[in-house]
Every structure is written in structure tokens, then in C-alpha cells.
Amino acid sequence: MKKTIRILAVVLCLVLAVSALSGCTIKLNITVNHQGGSSASSATPVAAPSQTPAPTPAPSAPESTTAAPASSAAAANSGEEKPSETPKQEASAGKELSPTSPKEDIVAEYVEVYNTTKKAGTFKGHDEMTLVEVLIDGKDNSMIKNAAKGMVKAEGTDMPLPPYSDDNPCNECLTTAADIATATYNDNGDGTATIKLVPIATTNSKKFSDAQGNMFNVMEDVKPTVESISILKWSEGTTDDNVVLKCDGSYAEVTYDKATKMMTKADYTLITIAEVQHANILIFKDKSATAKFDYKMLYPG
């Protein structure tokens with residue numbers, strides 16, 4: 001079955017801002033195929049019923065802590081979608097874990113559990129996407145957020161553990177201790193244990209290439225879609241300068257059978273903060289917009 005998620009990602013806030021502020025409607029749809037890349041339809045402005053937009057407040061910095069800048073994580077430095085070689089995996093060496101175990105031992109256990117579960121090929125899930133926040137010039141805009149809810153949805157089913165693509169099922173875990181900001185372990189007392197890993201934050205992440213891309217099916221390739229909006233210009237800089245996708249606070253939480261090293265439940269939550277600045281839209285100059293998305297892959301499902 002073809003598995004896709006339909007998102008507006010970084011351009012969602014711009015598209016809706018155009019609708020709310022300029023009296024135009026832009027038809028836009030992005031389809032991201034988990035099995036290999038993304039595509040976007042053209043964005044065409046069409047006339048909309050006249051409306052009297054409210055003046056936009058002067059730009060101010062958002063106070064939301066959820067859109068904090070990414071840490072000094074390594075950003076993607078390669079456009080390749082497939083690693084050149086299988087990374088060396090860490091071995092847990094049969095160590096008995098506890099809540100006080102070092103990060104390296106917990107990650108090594110996760111690597112073993114991931115590899116065992118994914119290679120079995122029977123642990124499949126589904127996805128869910130939520131638009132958490134929309135800010136225009138640093139101010140919350142509930143009207144735009146409510147309008148956007150129907151435009152953000154997920155449709156994936158029967159999905160293997162992330163990350164993966166058509167040409168790289170990625171059966172060997174790519175995550176290493178160097179990718180992880182925090183790691184926790186809990187023995188559930190029933191023969192299962194739960195591990196939660198929070199990878200370090202990244203900017204403009206690429207699948208298979210950095211801390212976030214080694215764990216999630218990250219959003220990427222939004223530049224062509226942004227540049228297809230003909231009425232969008234920049235007051236300064238380029239699309240690369242003004243469109244940023246930050247992944248910060250994402251996590252993987254897995255419960256597994258300690259004897260078999262097979263997952264019994266998993267939650268992969270990718271938190272993406274899409275930021276746009278210096279946007280000129282018709283008569284509106286130097287606007288900024290931020291949208292925060294929670295994208296979950298849940299197992300079994």
C-alpha cells in the first residue's frame with residue numbers, strides 16, 4: 001500500500017497568511033511519500049471573496065519556548081539519501097541496565113532492540129500529524145491555526161520503523177550515542193523495559209544524515225515549493241536564508257521484551273518548527289511566520 005502524509009510544512013504559515021492578510025487564496029498541496037522523496041503541486045493565486053484584513057501587529061519575538069532555536073547539533077552536510085556504508089553498531093555486551101546506566105549503554109540496548117525488531121519485519125505502525133502552533137510576526141493567530149487543521153493530515157499505514165525509503169529500508173540502526181541528548185531506561189517489572197531517547201536538535205535535517213535524520217522520516221525538500229509561490233518575494237536574503245526547519249525536542253520511546261529484544265510498543269515523535277522571515281507578500285512587507293508540527297509514528301498500529 002502506498003503510504004503518504006499530506007502536509008503544508010513551512011509554507012503553510014505563508015499560504016494562510018496570504019489568505020488572511022491579502023484577500024487571495026493560494027491552492028497548494030505537498031505530498032511526502034515515505035517510500036521515497038516528496039513532491040509539491042504548483043501554488044496559484046486565485047481571486048477570493050473580498051475581506052477586510054486586520055492590520056498585522058509590528059514584528060516582535062515569539063515568547064513560546066516550544067520554538068526555541070536548535071542547539072549546536074550538526075546540520076546535514078550531504079544531500080545523499082543513502083549512507084555510503086553500514087555504520088558500526090554499538091554492542092551492549094549483556095550489561096544489566098538501570099535508570100542510572102550511562103547514555104552509551106542505554107543507546108547500545110536501543111540499537112540491539114531496533115535491529116532485532118526491524119529485521120523481523122512484523123512490527124508495523126501508523127502515523128498522526130498535529131499542527132501545534134502558528135505565529136505571524138511572533139503573535140499567535142488562532143484563526144489561521146483553526147483554518148489549517150483541515151489541511152494537515154497523515155495517511156500512513158503498515159509502516160516499518162523509521163527512517164526508511166524505497167532504495168534504503170535501513171534495517172541497521174543509524175542512531176549512535178553521539179546523536180543523543182538524553183537517554184532514560186525503566187524496567188517495567190513485567191519482563192519488559194522502556195527506553196526513551198531524545199536526539200540532539202538539528203536545522204534543515206536530512207534523512208540518514210544527522211541526529212534527527214538517523215531516527216525519523218524528517219521533512220525536507222521544501223525549497224521548490226516555497227519558490228513556486230509567485231507572489232512571495234524576500235525583503236532580504238534568499239529562500240535558503242529565510243526558510244528554516246528546526247527539529248528540537250523530538251523523541252523515540254520504545255517498550256520491548258527484555259528476553260527477545262523485540263519491541264511491543266513504540267512512539268516516534270518528530271517535532272518540527274518551520275520558520276520563515278523577511279517575506280514580502282503583495283503589499284505586506286518583511287513578514288515572519290512560524291509553524292510547529294508534531295508528527296507521530298505509532299506502533300503497533
Side-chain angles (χ1 to χ4, degrees), residues 34 66 71 73 87-130 132 154 156-164 169-202 205 207 210-218 247-272 292-301:
H34 288 299
T66 59
S71 72
K88 182 180 179 180
Q89 301 297 336
E90 301 170 64
S92 60
K95 292 183 179 179
E96 185 68 26
L97 296 180
S98 73
T100 60
S101 293
K103 176 179 71 175
E104 289 75 13
D105 291 348
I106 297 174
V107 173
E109 179 81 344
Y110 168 80
V111 169
E112 182 179 359
V113 169
Y114 178 101
N115 290 342
T116 301
T117 304
K118 195 160 189 179
K119 287 177 181 177
T122 57
F123 195 60
K124 302 297 179 67
H126 73 281
D127 61 357
E128 299 175 358
M129 177 168 275
T130 303
V132 178
T157 59
D158 198 34
M159 304 163 78
L161 294 173
Y164 61 87
C170 196
N171 287 326
E172 294 289 334
C173 184
L174 301 178
T175 297
T176 67
D179 292 330
I180 301 303
T182 62
T184 58
Y185 172 87
N186 182 64
D187 190 322
N188 300 321
D190 59 359
T192 70
T194 298
I195 287 174
K196 183 174 182 179
L197 303 181
V198 178
I200 59 178
T202 62
S205 183
K207 195 182 296 184
D210 54 35
Q212 300 281 330
N214 285 343
M215 182 170 284
F216 304 104
N217 287 334
V218 294
C247 296
D248 195 356
S250 309
Y251 63 87
E253 186 170 30
V254 303
T255 298
Y256 65 97
D257 185 298
K258 294 170 61 179
T260 64
K261 305 297 184 181
M262 284 286 294
M263 293 185 192
T264 59
K265 184 180 179 181
D267 175 355
Y268 285 79
T269 295
L270 171 67
I271 299 175
T272 302
K292 180 182 177 183
F293 302 86
D294 285 2
Y295 175 56
K296 288 181 173 288
M297 297 180 71
L298 302 171
Y299 304 80

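Side chains are part of it too, since the values below use all heavy atoms of this structure and drop only hydrogens, waters and symmetry mates.
Separation of atoms CG (L97) and CG (N186) is listed at 11.5 Å; rounding is to 0.5 Å. Distance OH/Y114 to CE/M262: 13.0 Å, rounded to 0.5 Å.
Across all non-hydrogen atoms, the minimal contact from K261 to T116 is O-CB, 3.5 Å. Annotation for A178 and I200: closest pair O-CD1, 4.0 Å, computed over non-hydrogen atoms. Taking each heavy atom of H126 and G301 in turn, the nearest pair found is ND1-CA, 3.6 Å. Here the shortest heavy-atom pairing between T175 and I180 reads CG2-CD1, 3.7 Å. Nearest heavy-atom pair, S205 versus D210, reported as atom, atom and distance to 0.1 Å: OG-OD1, 2.6 Å. Here the closest heavy-atom approach between residue A183 and residue L197 is recorded as CB-CD2, 3.4 Å.
For the side chain to side chain contact (heavy atoms under 4.5 Å, CB included) test, residues two or more places apart in sequence or in another chain that qualify with D267 are Y251, T269, K296, L298. The side-chain hydrogen bond (donor to acceptor under 3.5 Å, both in side chains) test applied to S250 returns Q212, not counting sequence neighbours. Remark: T100 pairs with S98 by the side chain to side chain contact (heavy atoms under 4.5 Å, CB included) rule, at least two apart or across chains. Not a single side-chain hydrogen bond (donor to acceptor under 3.5 Å, both in side chains) links K265 to another residue, sequence neighbours left out. Partners of T264 by side-chain hydrogen bond (donor to acceptor under 3.5 Å, both in side chains), not counting sequence neighbours: none found. Under the side-chain hydrogen bond (donor to acceptor under 3.5 Å, both in side chains) criterion, K124 pairs with no residue, sequence neighbours left out. Residues satisfying the side chain to side chain contact (heavy atoms under 4.5 Å, CB included) criterion with A266, sequence neighbours excluded, are F123, V254, M263, Y268, Y299. Take P169 and apply the side chain to side chain contact (heavy atoms under 4.5 Å, CB included) test, not counting sequence neighbours, and it matches N171.
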Apply side chain to side chain contact (heavy atoms under 4.5 Å, CB included) to residues N217 and L270 and explain how you reach the verdict.
CA-CA 8 Å; N217 287 334; L270 171 67; over 6 Å; no

Between F216 and M297, is the side chain to side chain contact (heavy atoms under 4.5 Å, CB included) condition met? List the steps.
CA-CA 9 Å; F216 304 104; M297 297 180 71; over 6 Å; no

Candidate pair T117 and L161, rule side chain to side chain contact (heavy atoms under 4.5 Å, CB included), full reasoning:
CA-CA 9 Å; T117 304; L161 294 173; 4.1 Å; yes

Please step through side chain to side chain contact (heavy atoms under 4.5 Å, CB included) for the pair K258 and E109, ending with a clear verdict.
CA-CA 10 Å; K258 294 170 61 179; E109 179 81 344; 5.8 Å; no

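Taking a cutoff of 4.0 Å between a charged side-chain nitrogen and a carboxylate oxygen, K118 and E172 do not qualify as a salt bridge.
The side chain to side chain contact (heavy atoms under 4.5 Å, CB included) test with M215 singles out one residue from P162, P199, P163, and that residue is P199.
Sorted by first and then second residue, the salt bridge (Lys or Arg N to Asp or Glu O under 4.0 Å) pairs involving residues 188-200 (not counting sequence neighbours) form an empty list.
Counting only heavy atoms from C-beta outward, the side chains of L174 and K207 never approach each other to under 4.5 Å.
The backbone N or O of I271 lies less than 3.5 Å from no partner atom in the side chain of D248, so there is not a single donor-acceptor pair. D179 contributes a side-chain N or O that, together with a main-chain N or O of T176, makes up a donor-acceptor pair within less than 3.5 Å.
Between the side chains of N188 and T192, at least one donor N or O lies within less than 3.5 Å of an accepting N or O.
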